Amino acid sequence: MSTTAAGTPTTVVSSESAPQAAPKRTPSEPCLFVILGATGDLMGRKLFPALYQLRKRGLLPDRSVVLGVDLRTDLNDDSFRDQCRAELIASGIPEKELPPRFTGGNLLYQALPKGNDCHALAERIASIEKEKQLPGNRVLYLALPPAAFAPAITALGEAGLNKSPGWTRIVIEKPFGHDFDSAEALNDCVHKYFTEDQVYRIDHYLGKETVQNILVFRFANSLFEPLWNRDRIASVEITVAECLGIEHRAKYYEGAGALRDMIQNHLTQLMTLTAMEVPSAFEAEAIRHEKAKVLRSVMPLSHSDVVFGQYSSGKIDGQDVPAYVDEPGVAKDSKTETFVALRLWVENWRWHGVPFFLRTGKRMATRASEIVVNFRRPPVMMFRECGESSLHANKLVMTIQPDEGFDIRFEIKKPGDAVELQNQSLHFRYSDVFEPLPEAYETLLLDVLKGDATLFVRDDWVEDSWRLYTPLINNRPPVYPYSAGSWGPPEADQLMLGMTEGWTTP
Ligand code: BG6
C-alpha cells in the first residue's frame, strides 16, 4: 500500500522486480534528414538529442545524413558539429559518452541565402546523396517560427525539393496557423507542392507514451468499451497544468495565449482520442478519420462554456513568482490568457449530454496532465446511513505526466462493524514495470522516418479544430485573475456546477 500526492491510499496491482525494456523497433531506411532552422532552440533542445538517441539505439542507420540548414553564414560543417555537440551536453547527455569532436560526413551544415532561395540547397542535397550513395529518401523538417512556414514551403517547392528519387516527407511544427483562415491558407500552400501523405504536422503530445496508450487501453481491453458512453459516463475532465510560467517566450506567448498554445492542439487531441469511435483498423487513416469525426460533432462554443484566466503573483513550491504582466516582455495591460477552462459537448449518439471539461494553465499548483473519466453514480443509494456525500463516483484516471499510468478508483467497505465507505484505487505506473520512456520527439521522428502518420495531425483535423476555437479568438471572453500556485480562477468551477462533484485535483 502506498499514498498518492493527494493523500489517497492506493493499491499497486501490477509490477515486476526488474524493469522491462520497450520492444525494439526496426531501423528506418537510410535517408537525408534536412532541418530548416537548425541553429534554433528546438534543434538544440529536442531534435538533435532525439536523432542522437535514435542513432545510438541503432534506429537511424549510420549511412543517414543530418543536414542543418539556416540563415547563419558564419557556420560551416565543423563549427555546426561543435555546436551540436555542445547542445547534446546541455540537453543532459553525459559528456564522457560523446567523442571529443564530431567528425565525418553525416552531420553537415548549409547556409541559406536571405530570401530563402533553395536552389543551392537542392544542389547540395543532390551532391551529398551522390557521394553517400543515398537512395533519395528525404525528411524536410521545418523547425522554424510560424511566419516562416509558408515562405519555406514555397521555396522548397520552387526548388523542386517536394519530390526526390526516393520518398520526401515534410514535417511542420506547431502552431499550424493562428486561426481558421490562416490554417486553411497554410494548408493550401502546403498542398500546392506536397500531397497530404507527404505531410507530418507535429503535436508532441501525440508522441507521449500514455497518449498512445489511450487507444490500446480502450480497444485492446473488452472491459471498458461497453462502459464508454453516455449511459455509464457522467463527464470527462482533461487537465494539463503547468507550474512553469512563460519562461523567455513572452513575444510568442503574448500573441498566442493558452487557447492557441495548448487547447486548440494538445488538449483537443486528448479529447478526440478519448471520444473517438472504434477505428476499422489500427492504422493512420482509420484512426485519423475517427478523430476528425469527433471534432465535427462538437457543438459551437459560447462564452458561457469558457473561462479565461491570467495569473497574478503568488507562491509556487514556497517561491514567490511574479504576475504574468510583470514577466519580462509582457505588456503591463496585457489581457492574454494564461489559463483556459471550457466545457465541450460532443453531439453524437455516444456522448450526447456528457460534458467534456478541458482545463490548462501556467503557474498552477502542480505540474500534471491527466484525463479523468467520471462514471455515473449507482442509480440506487443503498448506503444511505453513510451519507450521500461519502459515496464517490467511480473514476478512471489516465495520467499522462508526470509518473505516467492509470488508476481506477472505486468504493470499498472500511473494515469494522459499521458500514463505512472508503475510496480506494487500483493503479498501474509505467515506472514500476518499464525502463524510462522514450522522449516524445524520438517516437515521432522515428515514425516520420518510417512513414507512419498515425501520430500526426491531418489537414482536416487542424482546420476543424481552429473552426471550433476561432469564434473565441474573434470575440474574446473576459479574463479573470488567479493567484500563481492555485488551480485557476474560481469562475472556472462554475462551469461544472450541478454536473459533477467538481474538478478532480491531481
Ligand atoms: C508546448 C507549449 O507546445 O507545450 C508550451 O508551447 C508548453 O507552452 C508545452 O509548456 C507543454 O509541453 P509538455 O510536454 O511539457 O507538457
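We count ligands from 1, going down the list as the structure has it; atoms in each ligand are counted the same way. When a residue number appears, it is its place in the shown sequence, counting from 1. Since this is a predicted model, take the numbers as computed values, not measurements.
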ask   = Is the backbone N or O of V462 less than 3.5 Å from a side-chain atom of S465, with the two atoms forming a donor-acceptor pair by type?
value =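 Checking the backbone N and O of V462 against the side chain of S465, no donor-acceptor pair under 3.5 Å is found.
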Salt bridge or not between [X] and [Y]? Use side-chain N to carboxylate O under 4.0 Å.
| X | Y | value |
| --- | --- | --- |
| D70 | R72 | no |
| E404 | K208 | no |
| D460 | R296 | yes |

message = I need the atoms of ligand 1 closer than 4.0 Å to a non-hydrogen atom of D261, numbered in the order shown.
response =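 Reading through ligand 1 atom by atom, the close ones are 2 (C), 5 (C), 6 (O), 8 (O).
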Per-atom contacts, ligand 1 versus K174 - under 4.0 Å to a heavy atom = 1 (C), 2 (C), 3 (O), 6 (O)
note = At under 4.0 Å between heavy atoms, what of Y253 touches ligand 1? The answer is neither
key: Nearest neighbour of atom 5 (C) of ligand 1 from the list R249, H266, H204, on a heavy-atom basis   =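 Among R249, H266, H204, the closest heavy atom to atom 5 (C) of ligand 1 comes from R249.
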note = Check: of E242, R367, K362, min heavy-atom distance to atom 11 (C) of ligand 1 comes from E242
key: Protein contact of atom 14 (O) of ligand 1 - nearest heavy atom, named by residue and atom, plus distance   = K208 NZ, 2.6 Å
note = What one should report as the nearest heavy-atom pair of R201 and D459 is NH1-N, 3.2 Å
